[in-house]
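The structure under discussion appears below in the form of structure tokens.
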Amino acid sequence: MKKILTYGTFDLLHIGHINILKRAKAIGDYLIVGVSTDQFNAIKGKKSVYSYEDRKQIVEAIKYVDLVIPENNWEQKIDDIKKYGIDIFVMGDDWRGKFDYLKEYCEVVYLPRTSNISTTEVKIDIKNNK
Ligand code: C2G
């Protein structure tokens, strides 16, 4: 069984999130998603609209996702890869190169981001009543 791992905030869930999760699952059999906690988002300099608990349940409801774990810090990835026996680590290519250090532990795949959509853009569109 090929196990896939990815991380993210997944706030205001949109098609870019669904695309990366769908394609991550497509390259394996079991997808684990580390959802950033509110505390870690603060470290990332992000403030999500939805709480961690809501974002966790929303991501758990996605058919491509098999398990959601909390992402509490930058440093947990190696431990998570070992703990869950991960074969492939996947991120959108806005992160290209940033996680190459994980190649010692598993395959690292960067998938193309979905263009013209982001949580920030969604917030702006709503504000402008588009
Ligand atoms: N994503 C995408 N296309 C978009 C927007 C996001 O493919 N239009 C991908 C990102 O590349 C990432 C995932 O969706 O792989 C989640 O994106 P965010 O929720 O913005 O997460 P991020 O802030 O990138 O946090 O340790 C890693 C961090 O937690 C990643």
Side-chain angles (χ1 to χ4, degrees):
M1 159 145 93
K2 198 175 274 189
K3 297 179 82 174
I4 316 290
L5 174 64
T6 191
Y7 295 87
T9 300
F10 296 100
D11 192 28
L12 301 180
L13 198 74
H14 55 66
I15 189 64
H17 296 136
I18 296 300
N19 284 340
I20 192 102
L21 296 174
K22 182 193 308 186
R23 293 166 61 216
K25 181 60 175 285
I27 60 177
D29 309 291
Y30 190 88
L31 174 60
I32 300 175
V33 183
V35 172
S36 311
T37 60
D38 297 328
Q39 296 79 356
F40 181 49
N41 268 336
I43 296 171
K44 288 200 291 188
K46 276 187 148 182
K47 175 133 182 36
S48 62
V49 173
Y50 296 157
S51 67
Y52 168 74
E53 196 43 48
D54 287 359
R55 289 181 286 113
K56 175 178 186 290
Q57 289 186 50
I58 288 166
V59 174
E60 281 172 344
I62 298 168
K63 67 179 182 180
Y64 308 115
V65 177
D66 297 289
L67 176 67
V68 172
I69 60 173
E71 182 185 31
N72 297 296
N73 55 61
W74 291 112
E75 297 74 28
Q76 69 184 77
K77 294 183 175 66
I78 295 173
D79 290 344
D80 287 345
I81 287 166
K82 291 177 181 171
K83 179 176 173 183
Y84 295 101
I86 299 301
D87 300 289
I88 307 175
F89 174 82
V90 171
M91 284 305 287
D93 63 5
D94 46 313
W95 291 97
R96 183 174 296 287
K98 298 288 189 310
F99 299 111
D100 288 358
Y101 70 94
L102 297 174
K103 287 182 176 172
E104 206 177 317
Y105 306 97
C106 65
E107 218 182 308
V108 174
V109 171
Y110 299 101
L111 296 174
R113 264 177 82 88
T114 302
S115 48
N116 305 321
I117 185 82
S118 71
T119 303
T120 308
E121 283 170 73
V122 169
K123 285 179 188 172
I124 292 165
D125 289 351
I126 290 171
K127 206 182 271 180
N128 299 339
N129 285 323
K130 271 195 186 160

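Just so you know, ligand 1 is whichever comes first in the structure, and atom 1 is the first atom listed for that ligand. These values consider heavy atoms only, across backbone and side chains, with no hydrogens, waters or symmetry-generated copies. Everything numeric here is computed off the predicted structure, so don't read it as measured data.
- Using a non-hydrogen distance threshold of 4.0 Å, Thr114 registers as a contact of ligand 1.
- Close contacts of ligand 1 with Ser36, meaning ligand atoms under 4.0 Å from a residue heavy atom, involve 29 (O).
- Residue Ile117 has at least one heavy-atom neighbour below 4.0 Å for each of these atoms of ligand 1: 4 (C), 8 (N).
- Against a heavy-atom cut-off of under 4.0 Å, Trp74 is close to the following atoms of ligand 1: 26 (O).
- Under a 4.0 Å criterion applied to the non-hydrogen atoms of Gly92, ligand 1 contributes the atoms 11 (O), 15 (O).
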Could you give me the CA-CA distance, side-chain angles and deciding distance for Ser36 and Lys44, then say whether side-chain hydrogen bond (donor to acceptor under 3.5 Å, both in side chains) is met? CA-CA 9 Å; Ser36 311; Lys44 288 200 291 188; 2.9 Å; yes

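- The shortest N or O to N or O distance between Phe10 and ligand 1 is below 3.5 Å.
- Under the 30°/60° scheme for interplanar angles, the aromatic rings of Phe40 and Trp74 are found to stand perpendicular.
- Looking only at heavy atoms of the protein, atom 29 (O) of ligand 1 is closest to Glu71 OE1, 2.6 Å.
- Of all the heavy atoms of Ile20, the ones lying under 4.0 Å from any atom of ligand 1 belong exclusively to the side chain.
- Between Tyr64 and Lys22, the shortest heavy-atom distance links the atoms OH-CE, 3.3 Å.
- An N or O contact shorter than 3.5 Å is missing between Asp93 and ligand 1 by distance.
- Between His14 and ligand 1, no N or O atom pair is found at a separation short of 3.5 Å.
- Each of the following atoms of ligand 1 lies closer than 4.0 Å to a heavy atom of Thr9: 18 (P), 19 (O), 21 (O), 23 (O).
- Ligand 1 places these atoms under 4.0 Å from at least one heavy atom of Lys46: 18 (P), 20 (O), 21 (O), 22 (P), 23 (O).
- A donor-acceptor contact under 3.5 angstrom links the side chains of Thr114 and Asn19, judged on distance only.
- The minimum heavy-atom distance between Cys106 and Phe89, with the atom names listed, is SG-CB, 3.7 Å.
- For ligand 1, the polar-atom distance check against Lys44 finds a nitrogen or oxygen pair separated by under 3.5 Å.
- Counting only heavy atoms of the protein, atom 7 (O) of ligand 1 lies nearest to Arg113 CA, 3.6 Å.
- Nearest heavy-atom pair across Ala24 and Leu111 is N-CD1, 4.1 Å.
- Closest protein heavy atom to atom 24 (O) of ligand 1: Trp95 NE1, 2.8 Å.
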Under 3.5 Å, side-chain donor or acceptor atoms of residues 123-130 against the rest of the protein: list the pairs with distances, not counting sequence neighbours.
unit_1	atom_1	unit_2	atom_2	d
Asn128	ND2	Ile124	O	3.4

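- Within the 4.0 Å heavy-atom criterion, the part of Asp94 lying near ligand 1 is the side chain and not the backbone.
- Heavy-atom minimum distance, Asp80 versus Ile86: O-CG1, 4.0 Å.
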Before you tell me yes or no, could you show the steps for Tyr101 and Lys77 under side-chain contact (heavy atoms from CB on, under 4.5 Å), namely the whole-Å CA-CA distance, both residues' side-chain angles and the distance that decides it to 0.1 Å? CA-CA 10 Å; Tyr101 70 94; Lys77 294 183 175 66; 4.0 Å; yes

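- When every heavy atom of Val35 is checked against every heavy atom of Lys56, the shortest pair comes out as CG1-N, 4.5 Å.
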